[in-house]
Q: 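Can you keep this structure in mind? I'll have questions shortly.
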Amino acid sequence: MPELPEVETTVRLLRPRLEGRRVVDAAVHWPRTLGGQDEAQFRAAVCGARVARLWRRAKFIALDLERRRSPAGTLLCHLRMSGRLVVEAAGAELDPHVRVVLRLDRGALHFNDARKFGRFFHCADPAAFLAALGPEPLGAAFTADWLARALRARRRLLKPLLLDQSFVAGLGNIYVDEALHRAGLHPLRRSDRVPRGAARRLHAAIRATLEAAIEREGSSFDVFYRTPEGNPGRFQDQWLAYGREGEPCRRCGRAIRRIVVGQRGTHLCTRCQPAPRRGGNAQRRVASW
DNA sequence: CTATGGCCCTGGTTGC
DNA sequence: TGCAACCAGGGCCATA
């Protein structure tokens, strides 16, 4: 599943092939990819524009567009589960899962998305569109101190909170499990009961995990995620918890367990990530008046 | 405020 | 062997 490291890898590898290119034509093969936007308006917004800059915010890939050197809005792409962006040679054969094609003055950008969850949005003001997102975990605003306070300000289970893009933006199921293992924190811990020192460990773990994953161009474990050059990522070889049910914890040797938290498969070491006191998952409702 | 569950989708896996 | 049922998973929405 493309999460921050996979999206960052996509942006980095796509940048030299996209920046400076002009969109000559747009074909939408699966209209729902536009999420309700009018297809004709979308095509009009994109065709003839030049890709001035490619950037990332959370799991969104953003293409700043220009016409005659003036801003012409931003195309935001979200890969969701199975989306992939690749620049192909002009006239390249169309894979049956390609949902959108932006024909360029040199080559063509193919949006391949088997599960059809990915989305393309054209918007005039991306900052407004992205305003509801929490801080970038690799950005300057995401400090250990901020995280410690933010955890205390909420009363959520750790894992669902870290998956909440309005809390921190960019983590998904894999990297939350990885970061929690690295920090030695149980996914069912309540956020407001995480001590300061543990919050600092979590902060460091999130950053280290993401940086290491970017370094290895993300994680691939099924047919879906590939870099824009067609290569699988290499971080799956270094997973500590995710996808390792029954395998020994790399730190202590105990078998990794899989539980379900908020409908999500969750992987952890019950020795390195001790369960919270009194169950933790049960929201004990105390009668009060 | 927080939690739960449905929905969107399809390819891969599991079960019979 | 063949086929149906099941499931994962990000984000969003309605409901409790």
Side-chain angles (χ1 to χ4, degrees), chain A residues 1-8 10 28-37 56-61 76-85 95-100 111-121 123 129-134 137 149-179 187-194 210 213 218-226 232-233 236 239 241-246 258-267 276 279-286 288:
Chain A
M1 317 301 120
E3 304 178 25
L4 190 153
E6 291 76 25
V7 176
E8 176 66 22
T10 298
V28 181
H29 301 291
W30 181 256
R32 289 224 202 165
T33 301
L34 302 185
Q37 296 162 102
R56 178 190 63 75
R57 171 76 170 101
K59 302 176 196 171
F60 287 90
I61 296 167
L76 292 172
C77 309
H78 200 301
L79 306 177
R80 291 279 182 95
M81 306 288 303
S82 58
R84 199 189 305 173
L85 284 172
D95 181 279
H97 296 130
V98 171
R99 313 301 179 193
V100 177
F111 178 59
N112 189 311
D113 183 25
R115 292 194 176 161
K116 299 178 171 177
F117 283 170
R119 291 291 180 263
F120 272 36
F121 293 104
C123 59
F129 191 95
L130 301 170
L133 293 171
R149 288 175 208 261
L151 290 174
R152 219 171 308 134
R154 310 284 224 107
R155 296 183 169 199
R156 304 268 309 269
L157 300 182
L158 223 34
K159 170 148 183 179
L161 182 58
L162 293 174
L163 285 173
D164 184 340
Q165 302 296 296
S166 70
F167 183 73
V168 184
L171 299 175
N173 205 40
I174 295 173
Y175 295 106
V176 167
D177 281 6
E178 290 303 296
L188 294 176
R189 293 275 294 257
R190 268 182 51 168
S191 65
D192 58 329
R193 294 186 190 165
V194 173
L210 294 176
S219 305
S220 297
F221 59 99
D222 55 24
V223 299
F224 294 126
Y225 171 68
R226 293 293 181 273
Q236 64 280 4
W239 284 344
Y242 186 85
R244 299 194 65 239
E245 182 182 14
R258 181 182 189 278
I259 62 176
V260 175
V261 179
Q263 279 113 252
R264 306 315 251 284
T266 297
H267 311 75
N281 51 344
Q283 292 293 327
R284 209 160 300 262
R285 196 158 299 286
V286 180
S288 62

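Chain letters run A, B, ... following the sequence lines, proteins first, then strands; residues in each count from 1.
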Q: On the nucleotide dG10(C), are OP1 or OP2 found under 4.0 Å from the side-chain N or O atoms that His78(A) carries?
A: no
Q: Given atom CG of Leu133(A) and atom P of dG10(C), what is their separation to the nearest angstrom?
A: 15 Å
Q: Please state how far atom CZ in Arg264(A) lies from atom P in dA8(C), giving the value in whole angstrom units.
A: 10 Å
Q: Angle class for the Phe111(A)/Phe120(A) ring planes (parallel below 30°, perpendicular above 60°, tilted otherwise)?
A: tilted
Q: Mind listing the residues from residues 113-121 of chain A sitting with a heavy atom below 4.0 Å of DNA chain B? Number order is fine.
A: Ala114(A), Arg115(A), Lys116(A), Phe117(A)
Q: What's the closest nucleotide to the side chain of Arg155(A) if the choices are dT2(B), dG10(C), dT4(B)?
A: dT2(B)
Q: I need the NZ-P distance between Lys59(A) and dG9(C), as an integer number of Å.
A: 12 Å
Q: Examine distances only and state if a side-chain atom of Arg226(A) and a backbone atom of Gly233(A) form a donor-acceptor pair shorter than 3.5 Å.
A: no
Q: Tell me: OH of Tyr175(A) to P of dG10(C), nearest whole Å?
A: 12 Å
Q: Roughly how many Å is it from CZ in Arg80(A) to P in dA8(C), rounded to a whole number?
A: 18 Å
Q: Tell me what Gln165(A) touches on the nucleic acid: a base, only sugar-phosphate, or nothing, going by heavy atoms under 4.0 Å.
A: sugar-phosphate
Q: Output yes when a side-chain donor or acceptor of Glu178(A) lies under 3.5 Å from a complementary backbone atom of Tyr242(A), and no otherwise.
A: yes
Q: Treat a base pair as Watson-Crick or G-U wobble with both distances under 3.5 Å, then lay out DNA chain C in dot-bracket form, 5' to 3', with | for cross-strand pairs.
A: .|||||||||||||||
Q: Calculate the interatomic distance between Leu4(A) atom CG and dG11(C) atom P; express it in whole Å.
A: 11 Å
Q: With a 4.0 Å cutoff (strictly under), does any side-chain N or O of Arg154(A) reach OP1 or OP2 of dT2(B)?
A: yes
Q: Look at the side chain of Leu157(A) and decide which nucleotide, out of dA3(B), dT2(B), dG10(C), has an atom nearest to it.
A: dA3(B)
Q: Keeping Thr33(A) on the side-chain end and Arg99(A) on the backbone end, is there a donor-acceptor pair under 3.5 Å?
A: no
Q: Show me the pairs that pass salt bridge (charged side-chain N to carboxylate O under 4.0 Å, His left out) and involve residues 158-168 of chain A, at least two apart or across chains.
A: Arg156(A)-Asp164(A), Lys159(A)-Asp177(A)
Q: Mind calculating the distance between CZ (Arg57(A)) and C1' (dG11(C)) to the nearest angstrom?
A: 16 Å
Q: Can a side chain N or O of His97(A) be found less than 4.0 Å away from OP1 or OP2 on dC9(B)?
A: no
Q: Just to confirm, is there a sub-4.0 Å distance from OP1 or OP2 of dG9(C) to any side-chain nitrogen or oxygen of Tyr242(A)?
A: yes
Q: What is the ring orientation for His78(A) with Phe60(A), classed by angle as parallel under 30°, tilted 30 to 60°, or perpendicular over 60°?
A: perpendicular
Q: Side-chain contact, heavy-atom cut-off 4.5 Å: Leu188(A) with Thr266(A)?
A: no
Q: Measure the shortest side-chain to side-chain distance between Asp113(A) and Ser82(A) over non-hydrogen atoms and say whether it is less than 4.5 angstrom.
A: yes
Q: Taking OP1 and OP2 of dA8(C), is either one under 4.0 Å from a side-chain nitrogen or oxygen of Arg258(A)?
A: yes
Q: Quick check: do Leu162(A) and Phe167(A) have side-chain heavy atoms less than 4.5 Å from each other?
A: yes
Q: May I ask you to decide if Gly134(A)'s main-chain N or O and Gln165(A)'s side chain share a donor-acceptor pair within less than 3.5 Å?
A: no
Q: Under 4.0 angstrom, heavy atoms only, what part of the nucleic acid is Gly265(A) near: base, sugar-phosphate, or nothing?
A: sugar-phosphate
Q: Return no unless some side-chain N or O of Gln263(A) is found under 4.0 Å from OP1 or OP2 of dA8(C).
A: no
Q: Rounded to the nearest angstrom, tell me the gap between atom CG in Asp164(A) and atom C1' in dG9(C).
A: 16 Å
